[in-house]
Colleague: 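Below you will find the structure I want to go over with you.
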Amino acid sequence: AQSVTQPDIHITVSEGASLELRCNYSYGATPYLFWYVQSPGQGLQLLLKYFSGDTLVQGIKGFEAEFKRSQSSFNLRKPSVHWSDAAEYFCAVGLYNFNKFYFGSGTKLNVKP
Amino acid sequence: EPEVTQTPSHQVTQMGQEVILRCVPISNHLYFYWYRQILGQKVEFLVSFYNNEISEKSEIFDDQFSVERPDGSNFTLKIRSTKLEDSAMYFCASLADRNYGYTFGSGTRLTVV
């Protein structure tokens, strides 16, 4: 069965520090991969996506993610975190038919001043 | 930027009552979805809808749930007889084609008392 694992439930980083949020997936073929961000009480905003091609993808707000097929991973990175990045981040996997996405359980990011 | 609009943003209902959650997807999108997120848990797939019929539904989407696209613009989720465990944030999403990620609405928080 398909699954998405985000092993870190909470992460705290200092403002200006680098960030990496981990995501691993289980799927028989190359999936469509996404990262979404959710601020408290808000909806889900798409940060970036990977479908094919260059395995390093750039997204909004200075985020990037790298698809590593050998590790079944799609980790999200940002070189320098801003206080406004504090939110919950969800990795998601879409199947080829786009009938549904599978979401990870999310990683809550706190940013220390 | 086009948005998916959901109304109401918050609805409180008594157990056993029917509720209808409304969504206006992006106008040229073809695929429509409902997801829900129980407080503190991951986002769960409920149902996908394409070409005026359900494409796929989850185990959660039992006989108490139904979806409709009555007029070519609205996409509704009806819960016939709400239970306490239906309390959650419900997200509508739409998709144009496989080159894009979902666009999510900001959600309707349903509280069943």
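Convention: sequence-line order gives letters A, B, ...; per-chain numbering from 1. Only a predicted model underlies this, so the values are computations on that prediction, with no experimental measurement involved.
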Colleague: What I'd like to find out is whether the side chain of Q38(A) reaches to under 4.5 Å of the side chain of Q37(B), using heavy atoms alone.
Modeller: yes
Colleague: Out of curiosity, does V47(B) fall in the hydrophobic cluster containing Y33(B) (side-chain heavy atoms, cut-off under 4.5 Å, transitive links)?
Modeller: no
Colleague: Do F34(A) and W34(B) share a hydrophobic cluster, counting only Ile, Leu, Val, Met, Phe, Trp and Tyr and linking them when any side-chain heavy atoms are less than 4.5 Å apart?
Modeller: no
Colleague: Flag yes if Y90(B) and I38(B) sit in one hydrophobic cluster, no otherwise; membership is Ile, Leu, Val, Met, Phe, Trp, Tyr, and two members link when side-chain heavy atoms are under 4.5 Å apart.
Modeller: no
Colleague: Is E85(B) atom CD crowded by more than 12 heavy atoms from other residues, nucleotides or ligands, each under 6.0 Å away?
Modeller: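 Counting other residues, nucleotides and ligands, CD of E85(B) exceeds 12 neighbours.
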Colleague: In terms of heavy-atom proximity below 4.5 Å to chain A, should Y35(B) be classed as side chain, backbone, both, or neither?
Modeller: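 For Y35(B), side-chain heavy atoms alone lie under 4.5 Å from chain A.
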Colleague: Give the member of F49(B), F91(B), Y50(B) that has the highest number of heavy-atom pairs under 4.5 Å with chain A.
Modeller: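 Top option by heavy-atom pairs under 4.5 Å: F91(B).
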Colleague: A quick test of your reading: do over 12 heavy atoms of other residues, nucleotides or ligands sit less than 6.0 Å from CG of L84(B)?
Modeller: yes
Colleague: Give every donor-acceptor pair under 3.5 Å between a side-chain atom in residues 11-23 of chain B and any protein atom, sequence neighbours left out.
Modeller:
none

Colleague: Do other residues, nucleotides or ligands put more than 12 heavy atoms under 6.0 Å from L39(B) CG?
Modeller: no
Colleague: Would one find more than 12 heavy atoms of other residues, nucleotides or ligands at under 6.0 Å from atom CG of D63(B)?
Modeller: no
Colleague: In this structure, are over 12 heavy atoms from other groups packed under 6.0 Å from E3(B) atom CD?
Modeller: no
Colleague: If hydrophobic clusters are built from ILVMFWY residues whose side chains come within less than 4.5 Å, do V24(B) and L95(B) share one?
Modeller: no
Colleague: Can you tell me which of K42(B), Q41(B), Q6(B) forms the most heavy-atom pairs within a distance under 4.5 Å of chain A?
Modeller: K42(B)
Colleague: Mind checking who shares a hydrophobic cluster with I26(B), ILVMFWY linked at side-chain heavy-atom distances under 4.5 Å?
Modeller: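 Via sub-4.5 Å side-chain contacts, I26(B) links to V4(B).
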Colleague: Tabulate, in ascending numerical order, the residues of residues 103-113 of chain B having at least one heavy atom closer than 4.5 Å to a heavy atom of chain A, or enter 'none'.
Modeller: F104(B), G105(B), S106(B)
Colleague: Taking 4.5 Å as the heavy-atom cut-off, does anything in residues 102-113 of chain A contact chain B, and if so which residues?
Modeller: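 Within residues 102-113 of chain A, the residues under 4.5 Å from chain B are F103(A), G104(A), S105(A).
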